[in-house]
Amino acid sequence: MDFLPLLLLYLCLVLAVAVLYCSHAGSGGGRLGRAARSAGQVLSLVIPTRLQSVTQEVLLRLFHTRNYLFVVLHIALQAAVYAEYTWEVFVYCWELEFHLVLLLLPYLLLLGNMGCFILCSCANPGIITKSNHASLMKTYAYDGVLFQKGIVCATCNMEKPARSKHCSFCNTCVHRFDHHCVWVNNCIGAFNAKYFFLYLFTLTVMAATIAIITTAFLIQVVLLSNMMHGSYIDDQGQQHAVEIFFLIQHLFLTFPRIVFMLGFVILLTLILGAYFCFNLYLALTNQTFNEWYKFRRNRHSHHRTLQPCDRKVVYKNTYAKGVWMNLKEIFKSPAVLERKKKK
């Protein structure tokens, strides 16, 4: 029995219920919110009420409370990729006399990535407490738009320092809050942003390296077999020269797990690469994801100046200090620099 259509149908159903959940749980306006609410109203007519409530409860636990599900999934995916790379790709490449340093490079990147992952997951992201509240209040100035002076956190019962935010997952206020990452099960803030940046970089390079080595192996197989100069006979008995689609099909039938892994790591490289470039842009401009999102949601600038009515307000980030200083702030937060000055 072919379970693939049933699996796809189930995933589509779960995705539909997820959209329905987001439409109920989400707040605020915007095109995305209105589209989600509209989709939710339609889906509520075709999806059973029991399935809606169960899925909403599961999604609430997954995306609104701290849990280790995505950490386990992250480790399981890495283990699956490296198991396939070790048992097949590494062995075949070793027989084809690939350079040993190149074959060991993914393992070296894995060690660095695991170190950054542990540090990012276990490090204090910059939790604001009564003991450090006074010093953190002096770290950044209020811009008067995204961060207003005098705003008190209803949960922590403390005035929020500029660039901070209360995380509903961790139930704490975090200094220079960026976002809560479910993959490391921790907030990304002032004190662990550098670990997250390196974790994302090593993860991207790791996926790209495995993709490059695997692609080089498959190309070597094709060249050694001299398949490009061959031909094949189709179902109608006609002879055709070997084409790229025939090659891919042949390689998939010969090395199904390797080709499947290659497709996965290529997709992962593209997604991670795009996300890393976005985080690099935020680092170079001294923005957090929270600030980037809030600015576009509120659609107003950091500085309000008198301008003609027919001109748009120009965005200006008051926290940017130049590329070098912005990067330095990621790897040495202002609070740490301030403590060193006092010593």
Side-chain angles (χ1 to χ4, degrees), residues 8 11 15 69-94 96 98-121 178-179 181-186 188 192-223 244-245 247-285 289 292 327 330:
L8 292 175
L11 290 175
L15 181 61
L69 176 64
F70 287 96
V71 174
V72 173
L73 179 61
H74 169 271
I75 296 174
L77 288 174
Q78 275 194 337
V81 169
Y82 270 86
E84 180 60 26
Y85 174 79
T86 303
W87 291 336
E88 291 201 86
V89 177
F90 184 92
V91 175
Y92 287 137
C93 290
W94 178 256
L96 292 174
F98 277 58
H99 203 288
L100 182 60
V101 176
L102 177 63
L103 297 179
L104 293 178
L105 182 58
Y107 299 105
L108 298 177
L109 290 170
L110 177 63
L111 291 176
N113 181 257
M114 289 177 60
C116 294
F117 172 79
I118 294 173
L119 289 172
C120 189
S121 179
D178 191 276
H179 70 286
C181 181
V182 295
W183 296 103
V184 300
N185 196 32
N186 197 8
I188 308 302
N192 67 346
K194 53 182 175 291
Y195 303 133
F196 180 75
F197 190 82
L198 295 174
Y199 159 76
L200 192 58
F201 173 75
T202 54
L203 192 62
T204 305
V205 176
M206 189 169 63
T209 303
I210 293 178
I212 292 171
I213 294 174
T214 306
T215 302
F217 158 69
L218 294 177
I219 292 175
Q220 188 75 355
V221 169
V222 171
L223 294 177
I244 184 66
F245 294 107
L247 275 177
I248 295 175
Q249 183 182 19
H250 175 76
L251 289 173
F252 184 78
L253 293 175
T254 308
F255 308 103
R257 292 189 298 271
I258 294 179
V259 175
F260 182 81
M261 182 200 72
L262 176 60
F264 175 74
V265 292
I266 288 177
L267 178 62
L268 195 63
T269 301
L270 295 175
I271 295 175
L272 290 173
Y275 186 54
F276 173 75
C277 289
F278 174 67
N279 277 266
L280 180 61
Y281 159 75
L282 294 179
L284 293 176
T285 56
F289 176 79
W292 178 87
L327 284 176
I330 294 293

Step-by-step side-chain contact (heavy atoms from CB on, under 4.5 Å) determination, F197 to F276: CA-CA 8 Å; F197 190 82; F276 173 75; 3.8 Å; yes

Check against side-chain contact (heavy atoms from CB on, under 4.5 Å), V71 and V184: CA-CA 6 Å; V71 174; V184 300; 5.8 Å; no

Pair Y92-F98, ring pair (Phe, Tyr, Trp, His ring centres under 6.0 Å): steps then yes or no: CA-CA 9 Å; Y92 287 137; F98 277 58; over 10 Å; no

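The shortest distance between side-chain heavy atoms of W183 and F117 does not fall below 4.5 Å. No side-chain heavy atom of F201 sits less than 4.5 Å from a side-chain heavy atom of N113. Using a 4.5 Å heavy-atom cutoff, the side chains of N192 and L119 are not in contact. Counting only heavy atoms from C-beta outward, the side chains of Y85 and L103 approach each other to under 4.5 Å. Using a 4.5 Å heavy-atom cutoff, the side chains of Y82 and Y107 are in contact. Between L104 and F90 the shortest side-chain heavy-atom distance falls below 4.5 Å. Counting only heavy atoms from C-beta outward, the side chains of F264 and V81 approach each other to under 4.5 Å.
Here the straight-line distance linking atom CG of N186 with atom SG of C181 works out to 9.0 Å at 0.5 Å rounding. Rounded to the nearest 0.5 Å, atoms CG (L203) and CE (M114) are 12.5 Å apart. In this structure, CG on L272 lies 6.0 Å from CG on L200, to the nearest 0.5 angstrom. In this structure, N279 CG and H179 NE2 are separated by 7.0 Å, a value rounded to the nearest 0.5 Å. Considering CD1 of I258 and CZ of F217, their distance stands at 4.5 Å, rounded to 0.5 Å. Atom SG of C116 is separated from atom CG of L198 by 4.5 Å, given to the nearest 0.5 angstrom.
In plain terms, the two heavy atoms of T202 and L109 that are nearest each other are CB-O, 4.4 Å. Minimum heavy-atom separation, A193 to I188: CA-CG2, 4.0 Å. A pairwise comparison of heavy atoms in A211 and L262 identifies O-CD1, 3.6 Å as the closest pair. Listed here is the closest heavy atom pair of C93 and I213: SG-CG2, 4.1 Å. Here the shortest heavy-atom pairing between L110 and M206 reads CA-SD, 3.6 Å. Across M261 and V89, no two heavy atoms sit closer than the pair CE-CG2, 4.0 Å.
A tilted orientation is assigned to the rings of F196 and Y199, their planes being inclined by 30° to 60°.
Atom OH of Y275 sits in a crowded spot, with more than 12 heavy atoms from other residues, nucleotides or ligands closer than 6.0 Å.
Checking side-chain atoms of D178 against main-chain N and O of F289 turns up a donor-acceptor pair under 3.5 Å.
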